[in-house]
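Chain identifiers are assigned alphabetically (A, B, ...) following the order of the sequence lines, protein sequences preceding nucleic acid strands; residue numbering begins at 1 within each chain. Computation of the quantities below employed the complete heavy-atom set of this structure, encompassing side-chain atoms and omitting hydrogens, waters and symmetry-equivalent molecules. Not measured: the values here are computed from a predicted model.
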Number of protein chains: 2
Amino acid sequence: MSTKTKILDAAEVLFADKGFNGTSLREITSQAEVNLAAVNYHFGSKKELIKAVMSRYMNELSPRLESALNALCLEEVKPTLIEVFSAFLEPLLHLNSFKDNGTSTFLQLLGRGYTDSQGFLRWFLTTQYPGVFTKFTQAVQKAYPELNKEEMFWRLHFTMGTIVFTMSSSDALIDIAQNDFDRQVDIAGVIKQVIPYVAAGVAAPIVR
Amino acid sequence: MSTKTKILDAAEVLFADKGFNGTSLREITSQAEVNLAAVNYHFGSKKELIKAVMSRYMNELSPRLESALNALCLEEVKPTLIEVFSAFLEPLLHLNSFKDNGTSTFLQLLGRGYTDSQGFLRWFLTTQYPGVFTKFTQAVQKAYPELNKEEMFWRLHFTMGTIVFTMSSSDALIDIAQNDFDRQVDIAGVIKQVIPYVAAGVAAPIVR
DNA sequence: AGCTATTTTAAACACGTGTTTGAATCCGGG
DNA sequence: CCCGGATTCAAACACGTGTTTAAAATAGCT
């Protein structure tokens, strides 16, 4: 396995667990069993490494997600919000076959990216992968046309928050749930629980 | 104004903006115009300062919140979920008269506390202020008794995520909203938008 | 094999961090 | 007034950070 890959593999789990600022290059390189300088040699800087970690996942996810949402937009029948959000399920779970715990890791990274480092990652994602966002809002608009632009803006950000925040602490939550309710829970189970929640939230009656 | 207060005042806005790990004691003390060593003298350590910042808000918030939720539990009529979540409104907005931008700052701090520093703040809050959590779950249980313990666990955490995450990036979101929709938005407006969302989410049909 | 470009390595650099120290200063009560 | 505890202050400490350097090792090609 190449040094680059070893670094990316080690970095993504540490970043997901302890945040970008909370993870040092020395932790990453010793976990990856490579020299400290290798990060700057192969990636240039820590910031570029962060982008590379995210890109590896986004390049796997975004084509599948875009085409799933696209299919929804092209159908002649109006989709339900449940269908819109369910369109995320297959692409997200596919990350598990792309990498062990891929879904969970990616969602945790997404959560980190929103809060760490003053949202530079939000800028990175929206500028580098704009297609996902536009397709998504199109799909929601089609499912729930009564929602005006501003209401949709807020509800989609609430949804983003629900998903991202839940997933960024999903490991801890799953632990608690398994202890308290004595029941096997995995990331797919959490996602299936969250879909009705966000769908109902977006579909909430409009107050004006 | 006492040195202790000057430190707390400077620390809370920096913590809210850049996170706990992302804010250095030197930033805090120079903003507060006090000597660097004052933090360790008055609070002992940075960790204790974080706790002190949160406690100042929680001591203001928690009695009002508990009594509002308590009132809801004691009524003989079953409350709606909207009413349960609206119980948060007055206590939260009261923080604005306690301090400039108090509501926004506190919610941002809460968001930071969940993601920064591996959730030691979550431990701090749940152990130091358990009343809020138990009263809250009691109120929700009364409003929606069909929800079993496990489903409620997840939906309350989804709700927590929505609130906390939205608020931790509320400044950025409010900026975007004001530019894109040419409309004045404040933190109270965001809270009023989020209440129907989370109420609908918690009230979503149960899938078993 | 021999040469070149790529990669790895250990060491150092410059800086930022939280914390501690001990002297200087302030302030209230006898 | 003057003493003594509380507070402030500049300085230093010990350590961790991302990055850079230049030499050593490796790999690939003719």
Side-chain angles (χ1 to χ4, degrees), chain A residues 1-56 108-109 112-113 115-124, chain B residues 1-56 108-109 112-113 115-124:
Chain A
M1 180 153 41
S2 76
T3 299
K4 254 180 129 156
T5 311
K6 281 196 280 187
I7 292 175
L8 286 172
D9 288 349
E12 66 172 37
V13 341
L14 287 169
F15 282 153
D17 194 36
K18 315 164 65 136
F20 300 115
N21 296 331
T23 305
S24 72
L25 295 187
R26 284 167 178 80
E27 291 179 83
I28 294 170
T29 52
S30 74
Q31 182 76 33
E33 294 177 315
V34 303
N35 187 274
L36 166 62
V39 171
N40 290 281
Y41 177 77
H42 285 284
F43 296 94
S45 68
K46 185 180 179 179
K47 208 163 196 167
E48 290 299 319
L49 170 62
I50 296 174
K51 287 190 199 173
V53 166
M54 293 308 292
S55 292
R56 196 166 56 148
Q108 285 179 254
L109 288 171
R112 296 295 183 182
T115 49
D116 282 15
S117 58
Q118 268 105 6
F120 108 90
L121 198 64
R122 171 164 36 185
W123 165 86
F124 173 69
Chain B
M1 179 152 44
S2 75
T3 299
K4 253 181 127 156
T5 311
K6 281 197 281 188
I7 293 176
L8 287 172
D9 288 350
E12 67 173 35
V13 342
L14 288 169
F15 282 154
D17 194 37
K18 316 163 63 138
F20 300 113
N21 295 332
T23 306
S24 71
L25 294 187
R26 282 165 180 81
E27 290 180 84
I28 294 170
T29 53
S30 74
Q31 182 77 31
E33 293 177 316
V34 302
N35 188 273
L36 166 62
V39 170
N40 289 280
Y41 177 75
H42 285 284
F43 296 95
S45 70
K46 184 180 181 181
K47 209 162 195 168
E48 290 299 319
L49 171 63
I50 296 174
K51 286 190 197 171
V53 166
M54 293 309 292
S55 292
R56 196 165 59 146
Q108 285 178 258
L109 289 172
R112 296 297 183 180
T115 48
D116 280 15
S117 57
Q118 269 104 4
F120 107 90
L121 199 63
R122 171 165 34 186
W123 165 86
F124 173 69

List the atom of [X], the atom of [Y], and the distance in Å for their closest heavy-atom pair.
X         : Y         : value
Leu109(A) : Ala16(A)  : CD2-N, 3.6 Å
Lys51(B)  : Phe124(B) : CD-CE1, 3.8 Å
Phe15(B)  : Lys46(B)  : CE2-CE, 4.3 Å

For residues 37-45 of chain A, which side-chain donor-acceptor pairs fall under 3.5 Å, sequence neighbours excluded?
unit_1	atom_1	unit_2	atom_2	d
Ser45(A)	OG	Glu48(A)	N	3.3

Review point. Can you tell me if the side-chain N/O atoms of Thr3(B) get under 4.0 Å from OP1 or OP2 in dT8(D)?
Key: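 For dT8(D), OP1 or OP2 has a side-chain N or O of Thr3(B) closer than 4.0 Å.
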Exercise for review: For DNA chain C, determine which residues of residues 38-51 of chain A have any heavy atom closer than 4.0 angstrom to one of its atoms, and list them numerically.
Suggested key: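 Output list: Tyr41(A), His42(A).
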Point to revise | Qualifying residues under side-chain contact (heavy atoms from CB on, under 4.5 Å), relative to Gln31(A), sequence neighbours excluded | key: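 Residues passing side-chain contact (heavy atoms from CB on, under 4.5 Å) with Gln31(A): Ala10(A), Leu14(A).
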How far does [atom1] of [X] sit from [atom2] of [Y], to the nearest 0.5 angstrom?
X        : Y        : atom1 : atom2 : answer
Thr23(B) : Asp17(B) : OG1   : CG    : 7.5 Å
Glu33(B) : Met1(B)  : CD    : CE    : 9.5 Å
Ile50(A) : Ser55(A) : CD1   : OG    : 11.5 Å

**Study point:** Given dT19(C), dT19(D), dT17(D), the nucleotide with the shortest approach to the side chain of Ser24(A)
**Key:**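 So the nucleotide nearest the side chain must be dT17(D).
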Exercise for review: Rounded to the nearest angstrom, tell me the gap between atom CG in Leu25(B) and atom C1' in dA12(D).
Suggested key: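 Computing the Leu25(B):CG to dA12(D):C1' distance gives 16 Å.
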Exercise for review: Please work out if Thr23(B) contacts a base, only the sugar-phosphate, or nothing of the nucleic acid, heavy-atom cut-off 4.0 Å.
Suggested key: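 If one applies the 4.0 Å heavy-atom cut-off, Thr23(B) turns out to touch the sugar-phosphate alone, with no base involved.
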Check your understanding: Taking only residues two or more places apart in sequence or in another chain, which ones pass side-chain hydrogen bond (donor to acceptor under 3.5 Å, both in side chains) with Glu12(B)?
Key ->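 Per chain and number, Glu12(B) pairs via side-chain hydrogen bond (donor to acceptor under 3.5 Å, both in side chains) with Arg56(B), Tyr57(B).
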Review point. Which residues, if any, of residues 26-36 of chain A bring a heavy atom under 4.0 Å of DNA chain D?
Key: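 Output list: Arg26(A), Leu36(A).
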Point to revise | Stretch residues 6-14 of chain B: residues that reach within less than 4.0 Å of DNA chain D through a heavy atom | key: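 Contacts with DNA chain D under 4.0 Å: none.
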Exercise for review: Compare all side-chain heavy atoms of Thr5(B) with those of Leu8(B) and state whether any distance is below 4.5 angstrom.
Suggested key: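 SC-SC contact between Thr5(B) and Leu8(B) ruled out.
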